[in-house]
Amino acid sequence: MNSDLVKIFQEIATLLDIKKVAFKPRAYEKAAFSIESLSEEVGEIYKNKGIKGLEDISGIGGGIAEKIEEYIKTGKIKEYQKLKKELPVDIAGLTQIEGIGPQTVKKLYENLKIKNATGLEEAIKKGLLTTRGGFSKKTEERILKSLGFLKAGHGRYYLGDILPIARDIIEKIKTFPGVEQIEYAGSLRRMQETVGDLDILITSKYPSKIMDFFVKMPGVVEVTVKGETRSAVRLNLDIHADLRVMSPESFGAALQYFTGDKYHNIALREIAIKKGYKLNEYGLFRGKKMIAGKTEKEIYEKLGMAWMSPEIRTNNGEIEVALTHKLPKLIDYGDIKGDLQVQTDWTDGEHSIKDMAEAAKKQGLQYIAITDHTKSLAMTGGNDEKRLLKQMAEIDKINKSLSGIKILKGVEVDIKKDGSLDIADEVLVQLDVVGASVHSHFNLSEEDQTKRIILAMENQHVDILFHPTGRIVGRREAYKLDMEAIIKAAKRTKTILEANGSSRLDLKDEHIRKAIEAEVRIAIDSDAHSIDQFSFLEYGIAQARRGWAEKKDVINTRSWQEMLKLLK
DNA sequence: GCCGTTTTCGGCCCGACTGTTTTCAGTCG
């Protein structure tokens, strides 16, 4: 229901944009955004509090509330259907093609009756864009390129794939003569799950020289934009990179502006206006006078709030909290002392227990829990009770031979279809850390899946629910699950929820935030399967920061002795 | 269409780059 309405309102916004209606499009966009970040179904809100309840949602007033009511009652919105009839095209599909916006969508339909990306491609093949469409050859080429880019599946990249590459590129640009300050901004600086492109900011006395270096840098395949202060290129990994050169007085303003996100920035600029200022990427101004811009901190402070970490800049309440100076002190990237999910070559990991322990120590960790798979996961050679006991004895031996790192005995026990576990309680009780997780029967109904998992959480030995929703970024959707019920059960059964730092990134940030609000603790794990994968902890911490987690909310920020006290 | 510690009416985020525009519209971030 919510996601349908989000799509409809976004589409209404674009349709009104096309008709050049003023201001209404922004109102519909805002409403869509509000609904998207809602934790409750609008249907529930309407049922409990009626149309008044809907109007209490920010960005939703009388008009849109009525439309939601209409949708709840009839399953459709007349106004939307009317607009759609005038322009019956796949707007979202077309506008996601770079360079195509609302007006181009209209032109494509009116001149050529093009309704979607496939139709567009066919029209280009027939040469219709230039012959009858009223488009120039250059525009046609640009659209064709964007289509190819989209078809290759290169939209957004998983954070963990792109962060190391971005850091390399920054190092490379640092070597250009004349580069002073350099930072990356955008979704990468916000450490979002996925990153669309690289936004790099530089200060330099020689902007045009820097631009020349940048567009000729090794790895650049194509230059899409080149100007005095901004250039954009496509790199050989099909990643777009944007470079902007700013003056030092404006560096903080630019960093703030290009870090975003968009909604956070809009909210900030609205606050600036109310205070009689103007905020842009060059600074905060009163009239012509610049009153802040050198650092992000001074801009936030002049706007009446404390500086906040990029990870939480989403306009999901952080601005309101910042205005009252009650921002959470987010967990820091160096705060994790131990890793509670680690696989070894006893199952599907690549390296031995000892190698993993030594690698963890090198990474600065004080302890790890070995949590190999169990027998239900036959493809990984999962441990049965007997082999698990043998592994525990082995860990005792290795612990005696190592210093500076403690190895805890653990398991990633498989939750069977009926919610029971595939390792006997008599063995589980002997372990330090029991993580339980789902690896099969992803297609159960929400009710059955939720019941199944809660049953496992009720086991007195299950300390942590590993990767609770089963999703993998860009690869696999989460299974259907009543997250609210899971969080409630976690509280009741004293089960820790995991924030998995591998490409699962599971729990998601919004669920972490809800868990913490419900005073459920989390564990940030790497789920490392080889010695180089402890670096995944960084992404797990980012995830937790986006979920507003503080150090105290995360059990493995404690020493292993203190951490164990928080388990069942 | 929404909203209010200047307002229940009159505002609504801001600027760079591109194209074919000779003064601005479209798109993007």
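A, B, ... follow the sequence lines: proteins, then strands. Residue 1 opens every chain.
B:dA25 atom P lies 18 Å from atom CD1 of A:Ile18, rounded to whole Å. Protein atom NZ of A:Lys19 is 12 Å distant from nucleotide atom P of B:dG1, rounded to whole Å. Between A:Ile200 atom CD1 and B:dG29 atom C1' there is a gap of 15 Å when expressed in whole angstrom units. Atoms NZ (A:Lys262) and C1' (B:dC28) sit 10 Å apart, rounded to a whole Å. Between A:Lys20 atom NZ and B:dA25 atom P there is a gap of 8 Å when expressed in whole angstrom units. Atom CD1 in A:Ile100 sits about 14 Å away from atom P in B:dG29, given to the nearest Å. Note: CD1 (A:Ile271) to P (B:dC3) measures 16 Å, nearest angstrom. Computed from coordinates, the A:Ile64 CD1 to B:dG1 C1' distance equals 6 Å when rounded to whole Å.
No salt bridge links A:Glu270 with A:Arg26; every basic N to acidic carboxylate O contact stays at or beyond 4.0 Å. A salt bridge is absent between A:Lys294 and A:Glu301; no separation between the charged side-chain nitrogens and carboxylate oxygens falls under 4.0 Å. For the pair A:Glu140 and A:Lys137, the salt-bridge criterion is met [side-chain N within less than 4.0 Å of a carboxylate O]. Salt bridge annotation for A:Glu86-A:Lys19: present, with a cationic side-chain nitrogen under 4.0 angstrom from a carboxylate oxygen. Using a cutoff of 4.0 Å between basic side-chain nitrogens and carboxylate oxygens, A:Glu180 and A:Lys205 are scored as salt-bridged. Salt-bridge annotation for A:Lys174 and A:Glu171: present, with a side-chain N of the basic residue lying under 4.0 Å from a carboxylate O of the acidic one.
Within 4.0 Å of A:Gly62, counting heavy atoms only, lie sugar-phosphate atoms of the nucleic acid but no base atom.
A search for side-chain contact (heavy atoms from CB on, under 4.5 Å) contacts involving A:Asp509 returns A:Arg546, not counting sequence neighbours. Judged as a ring-ring contact (aromatic ring centres under 6.0 Å, His included), and not counting sequence neighbours, A:Phe285 has no contacts. A search for ring-ring contact (aromatic ring centres under 6.0 Å, His included) contacts involving A:Phe176 returns A:Phe213, not counting sequence neighbours.
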Please list, pair by pair, any protein nitrogen or oxygen found under 3.5 Å from a nitrogen or oxygen in nucleotides 7-11 of chain B.
none

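A:Tyr46 and A:Glu69 share a donor-acceptor pair across their side chains, judged by distance under 3.5 Å alone. Between the side chains of A:Thr259 and A:Arg313, no donor N or O sits under 3.5 Å from an acceptor N or O. Between the side chains of A:Asp261 and A:Thr314, no donor N or O sits under 3.5 Å from an acceptor N or O. Using modelled atom types, one finds a donor on one side chain and an acceptor on the other under 3.5 Å when comparing A:Asp527 with A:Asn500.
Rounded to whole Å, the separation between the P atoms of B:dC28 and B:dT23 comes to 25 Å. For the P atoms, the distance from B:dG26 to B:dT21 is 13 Å, rounded to whole Å. Using atom P as the reference point in both B:dC2 and B:dT6, the two lie 23 Å apart (nearest Å). Comparing the same atom, C1', in B:dA16 and in B:dG11 gives a spacing of 26 Å after rounding to whole Å. Taking atom C1' on both B:dT7 and B:dC12, the two are 13 Å apart, rounded to the nearest angstrom. Between B:dG1 and B:dT8, the distance separating the two C1' atoms is 15 Å to the nearest Å. If you take atom P in B:dT20 and the same atom in B:dA25, they sit 15 Å apart, rounded to whole Å.
Residue pairs meeting the ring-ring contact (aromatic ring centres under 6.0 Å, His included) criterion with at least one partner in residues 3-38 of chain A, sequence neighbours excluded, are A:Phe9-A:Tyr28, A:Phe33-A:Tyr263. The ring-ring contact (aromatic ring centres under 6.0 Å, His included) pairs that include a residue from residues 229-255 of chain A are A:Phe149-A:His240, where partners are two or more places apart or lie in different chains. Here ring-ring contact (aromatic ring centres under 6.0 Å, His included) pairs that include residues 90-127 of chain A, with residues two or more places apart or in two chains, number zero. Identified under the ring-ring contact (aromatic ring centres under 6.0 Å, His included) test for residues 88-108 of chain A, with sequence neighbours left out: none.
A heavy-atom distance below 4.0 Å to DNA chain B is reached by none of the residues of residues 72-91 of chain A. Contact check of residues 299-313 of chain A against DNA chain B (heavy atom, cut-off under 4.0 Å) returns no residues at all.
Put simply, A:Lys67 has a side-chain N or O that comes within less than 4.0 Å of OP1 or OP2 on B:dG1.
When the nearest nucleotides of DNA chain B are assigned to A:Arg244 and A:Leu279 by heavy-atom distance, the more 5′-ward of the two goes with A:Leu279. Between A:Ile266 and A:Glu55, the residue whose closest nucleotide on DNA chain B is further toward the 5' end is A:Glu55.
Of the candidate nucleotides B:dC12, B:dT27, B:dC2, B:dT27 has the atom lying nearest to any side-chain atom of A:Pro102. Side-chain proximity of A:Ile273 to B:dC2, B:dC14, B:dA25: nearest is B:dC14.
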Going 5' to 3' through nucleotides 15-22 of chain B and flagging B where a protein heavy-atom sits under 4.0 Å of the base, S where only the sugar-phosphate is that close, and - otherwise, we get SSSSSS--
With Watson-Crick and G-U wobble geometry limited to distances under 3.5 Å, how should the secondary structure of DNA chain B be encoded in dot-bracket form, using | for bases paired to another strand and [ ] for crossing pairs? ((((....)))).((((((....))))))
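For A:Asn2 (side chain) and A:Glu40 (main-chain N/O), a donor-acceptor pair under 3.5 Å exists by modelled atom type.
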